[in-house]
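The structure under discussion appears below in the form of structure tokens.
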Amino acid sequence: MQGQRRAIVSVDDEAARLGLTPGMSVAHAQSLLPDLIVMDATPEEDEAALFRLAIWCVRYSPVVAVNPPDGVFIDVAGSAHLFHGENALLTDLGARLESAGYRSKAAISDTPGCSWALARYGSTSLASPGRQAEAIASLPVAALRLPAEVVSSLHEVGIERIAQLASKPRASLHLRFGADVLLRFDQALGSLTEALTSIIPPELPRVELKFVEPIADPDNLQRVIERLCEKLCLLLEGRGVGARRLDLVFTRVDNVDQSVRIGLSRPYREPKHLAKLLAERLVLVDPGLGIEIAALTASWVEALAEKQTIGRHVGMRGADVDVSQLVDTLGVRLGQNKVFRLTPVESALPERSMKRIPALDPIQSVAWPKNLPRPARLFDRPEKVHAIAALPDHPPRMFVWRNRQHRVAKADGPERIHGEWWISDAELSLVRDYYRIETADGSRYWIFRNGPAGEGGGWWLHGVGEA
């Protein structure tokens, strides 16, 4: 309701195609479409649903803010590395929302205003750092989150695109159209900071410190991290859980949040280890004029059973050695996707016979047959080589790889491998003959031929090193 007038809040695709638009009166819409089905809006339920969606988005960042009526801001500056980069994060976010039945569009840039504009009016989903002006120049002025009456006034004087605003005198824009135009324009370009009011997920273990005087020195920030970890671990211990993901948020005096997120290989509640990992990420924090609030949240927790730590042998070996702290440290420094282990996969084709799994995942029951030796280094993709063999079913006598000629001294094979016909029909004709080769200088190679040259086959190098 808008006073005594019933107005349309939103329309589906079919109604929009027939000419109905948000803001149109219901009476007008029914005059155009007598059989129109109208449902009462439920803004309270919509607001609650948007808040639940924002809580779900905490999986991507500790700093999430609702943007009514249909948006969510996610500050991924301190967490995109956990998803292998911003593009991968956007892909994962879109796929998960689509599988849950949501239609969505997302964008990433240096500012909330630019991201809002690109997500609703832009053709790209990722703006280059520092290139906000270029990214939104061709977008309509409505992309600046301006009220409809201001947009209409701008159109009346011929200002329809954001680029046109930059050429106009700022004083006259402020005088004629109000302060909102310059405010939103500067926020989108990053000239003015826009603070986001981050939501706090309920029931998550969380501790907070407030400071009488703002702090900015790295040593002081590190001591703050240590205090937060001690307080949080006491809370985790009381609940019988350990942290698998930690979110550290510093609130600056200008009300801007600086966030850091780390992932852990297994549940932890040891303050020293957690503080050390968080301190590694302090380089991402810009304290500005000072930080006045620090909060640490365990946004992902799992049950953690007690274990004996006294009376165990110092010189433990094999499975008894706990390398989880090393894995966590390397994951924070190098990226979690670069710390992994390989596990066998039941596949005849070498490139499918193993896969990456998290470094601390349990050992798989599948084991590679001992009578099928493989090279120390297997290429992701076989590399083309030029080879000469005495007969079609004989190993090569010499081959050229990466512009270097190699003379074969010894060879063993062939080992014939067929395609996996149950995967696709194209694999029915796949046949490879592999040879283990030692060259005159003692180097070892793993080479195969996938058919006679007359039938389009050739020689390929698939691995190097001792089998």
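In this text, all values refer to a predicted model and were calculated from it rather than measured experimentally. For this chain, numbers begin at 1 and follow the sequence in order.
Within the 4.5 Å cutoff, no side-chain heavy atoms of L189 are placed close to those of T111. Side-chain atoms of E415 and R436, non-hydrogen and from C-beta on, never get closer than 4.5 Å to each other. With a 4.5 Å cut-off on side-chain heavy atoms, L264 and L277 count as touching. Two residues are said to be in side-chain contact when any heavy atoms from C-beta on lie closer than 4.5 Å; L165 and L144 meet this criterion. In this structure, the side chains of L232 and P205 come closer than 4.5 Å at one or more pairs of heavy atoms. Looking at heavy atoms from C-beta onward, S443 lies out of side-chain contact with V464 at the 4.5 angstrom threshold. At least one side-chain heavy atom of Q325 sits less than 4.5 Å from a side-chain heavy atom of E270. Between R252 and L289 there is no side-chain heavy-atom pair separated by less than 4.5 Å.
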*Kindly indicate, with the supporting measurements, whether the criterion salt bridge (charged side-chain N to carboxylate O under 4.0 Å, His left out) is fulfilled by R96 and D92.*
CA-CA 6 Å; R96 289 180 183 274; D92 183 82; 2.9 Å; yes

_Audit row: R377, F379, side chain to side chain contact (heavy atoms under 4.5 Å, CB included) steps and yes/no_ = CA-CA 7 Å; R377 179 187 173 196; F379 297 155; 3.6 Å; yes

*Given T297 and D247, is the side chain to side chain donor-acceptor pair (under 3.5 Å) satisfied, shown in steps?*
CA-CA 5 Å; T297 305; D247 295 330; 5.9 Å; no

*Please test V11 against T21 for side chain to side chain contact (heavy atoms under 4.5 Å, CB included), starting from the C-alpha separation and ending with a verdict.*
CA-CA 7 Å; V11 297; T21 59; over 6 Å; no

*For Y434 and R432, what are the C-alpha separation, side-chain angles and deciding distance, and is it a side chain to side chain donor-acceptor pair (under 3.5 Å)?*
CA-CA 6 Å; Y434 280 86; R432 299 176 183 173; 2.9 Å; yes

*Candidate pair I417 and L349, rule side chain to side chain contact (heavy atoms under 4.5 Å, CB included), full reasoning*: CA-CA 7 Å; I417 294 178; L349 293 178; 3.8 Å; yes

*Go through the steps for D380 and E351 under the test side chain to side chain contact (heavy atoms under 4.5 Å, CB included), then give the verdict.*
CA-CA 6 Å; D380 290 334; E351 61 268 30; over 6 Å; no

*Run the numbers on R444 and D412 for salt bridge (charged side-chain N to carboxylate O under 4.0 Å, His left out), then give the verdict.*
CA-CA 11 Å; R444 300 288 183 90; D412 182 28; over 6 Å; no

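The two residues P62 and V249 have their closest heavy-atom pair at CB-CG2, 3.9 Å. Shortest non-hydrogen contact noted between A411 and I437 is CB-CG1, 4.2 Å. Of all the heavy atoms in R145 and G113, the pair that sits closest is NH2-CA, 3.3 Å. The two residues Y121 and L139 come nearest to each other via the heavy atoms O-CD2, 3.5 Å. When every heavy atom of I357 is checked against every heavy atom of D361, the shortest pair comes out as CD1-CB, 3.9 Å. The shortest non-hydrogen separation linking V339 to G331 is CG2-N, 3.8 Å.
In summary, R333 and E280 engage in a salt bridge, as defined by a charged side-chain N under 4.0 Å from a carboxylate O. Ion pair D110/R131 not flagged as a salt bridge, since none of the NZ, NE, NH1 or NH2 atoms sits closer than 4.0 Å to an Asp/Glu carboxylate oxygen. Salt bridge R206/E208: present, at least one basic N to carboxylate O contact under 4.0 Å. The pair R352-E427 meets the salt-bridge criterion, with a side-chain N (NZ, NE, NH1 or NH2) lying under 4.0 Å from an Asp/Glu carboxylate O. Note on E14 versus R17: salt bridge recorded, some NZ/NE/NH1/NH2 to OD/OE distance being below 4.0 Å. Residues D40 and R6 are paired through a salt bridge, judged by an N-O separation under 4.0 Å between the basic side chain and the carboxylate. Ion pair R261/D75 not flagged as a salt bridge, since none of the NZ, NE, NH1 or NH2 atoms sits closer than 4.0 Å to an Asp/Glu carboxylate oxygen. Ion pairing between a basic and an acidic side chain is recognised when a charged N comes within 4.0 Å of a carboxylate O; R103 and D13 show such pairing. Using a 4.0 Å cut-off between a side-chain N of Lys or Arg and a carboxylate O of Asp or Glu, E194 and R184 qualify as a salt bridge. Ion pairing of R245 with E302 is absent here, as no side-chain N (NZ or NE/NH1/NH2) approaches a carboxylate O to less than 4.0 Å.
Atom OG1 of T197 is separated from atom CZ of F73 by 11.0 Å, given to the nearest 0.5 angstrom. Annotation: the span from D186 atom CG to L192 atom CG amounts to 4.5 Å, rounded to 0.5 Å. Rounding to the nearest 0.5 angstrom, the gap separating the CZ atom in R374 from the NE2 atom in H462 is 9.5 Å. Once rounded to the nearest 0.5 Å, the distance linking OG of S104 with CD of E98 reads 8.0 Å. In this structure, SG in C229 is found 6.5 Å from CG in L246, a value given to the nearest 0.5 Å. Within the model, atoms CG of L89 and CD1 of I108 stand 5.5 Å from one another, a figure rounded to the nearest 0.5 Å.
The environment of CZ in R244 is crowded: more than 12 heavy-atom neighbours from other residues, nucleotides or ligands sit within 6.0 Å. Annotation: E47, atom CD; neighbour count of heavy atoms from other residues, nucleotides and ligands within 6.0 Å does not exceed 12. Atom NZ of K276 is surrounded by 12 or fewer heavy atoms from other residues, nucleotides or ligands within 6.0 Å. Other residues, nucleotides and ligands contribute at most 12 non-hydrogen atoms within 6.0 Å of the CD atom of E45. The local environment of CZ in R356 is sparse, with at most 12 non-hydrogen atoms from other residues, nucleotides or ligands closer than 6.0 Å. For CG of D425, the number of neighbouring non-hydrogen atoms (other residues, nucleotides, ligands) closer than 6.0 Å is 12 at most.
No side-chain donor-acceptor contact under 3.5 Å links S61 to the backbone of V58. Between the Q258 side chain and the F250 main chain, no donor and acceptor come within less than 3.5 Å of each other. The backbone N or O of V241 lies less than 3.5 Å from a partner atom in the side chain of R269, making a donor-acceptor pair. The backbone N or O of Y60 lies less than 3.5 Å from a partner atom in the side chain of S79, making a donor-acceptor pair. Within the 3.5 Å criterion, the main-chain N or O of S115 finds a donor-acceptor partner in the side chain of S109. Under the 3.5 Å distance criterion, the side-chain polar atoms of K105 are matched with a main-chain donor or acceptor of G122. No side-chain donor-acceptor contact under 3.5 Å links S353 to the backbone of S347. The main-chain N or O of D433 is never found under 3.5 Å from a side-chain atom of R416 such that the two would form a donor-acceptor pair.
Here Y435 and F448 keep their ring centres 6.0 angstrom or further from each other.
Residues D257 and S198 bring no donor and acceptor atom of their side chains to less than 3.5 Å of each other.
Both the sub-6.0 Å distance and the 45° axial angle are not jointly satisfied by K384 relative to the ring of W459. Both cation-pi conditions hold for R266 and Y268: the charged atom is under 6.0 angstrom from the six-membered ring centre and inside a 45 degree cone around its axis.
A perpendicular orientation is assigned to the rings of W401 and Y445, their planes being inclined by more than 60° (bins at 30° and 60°).
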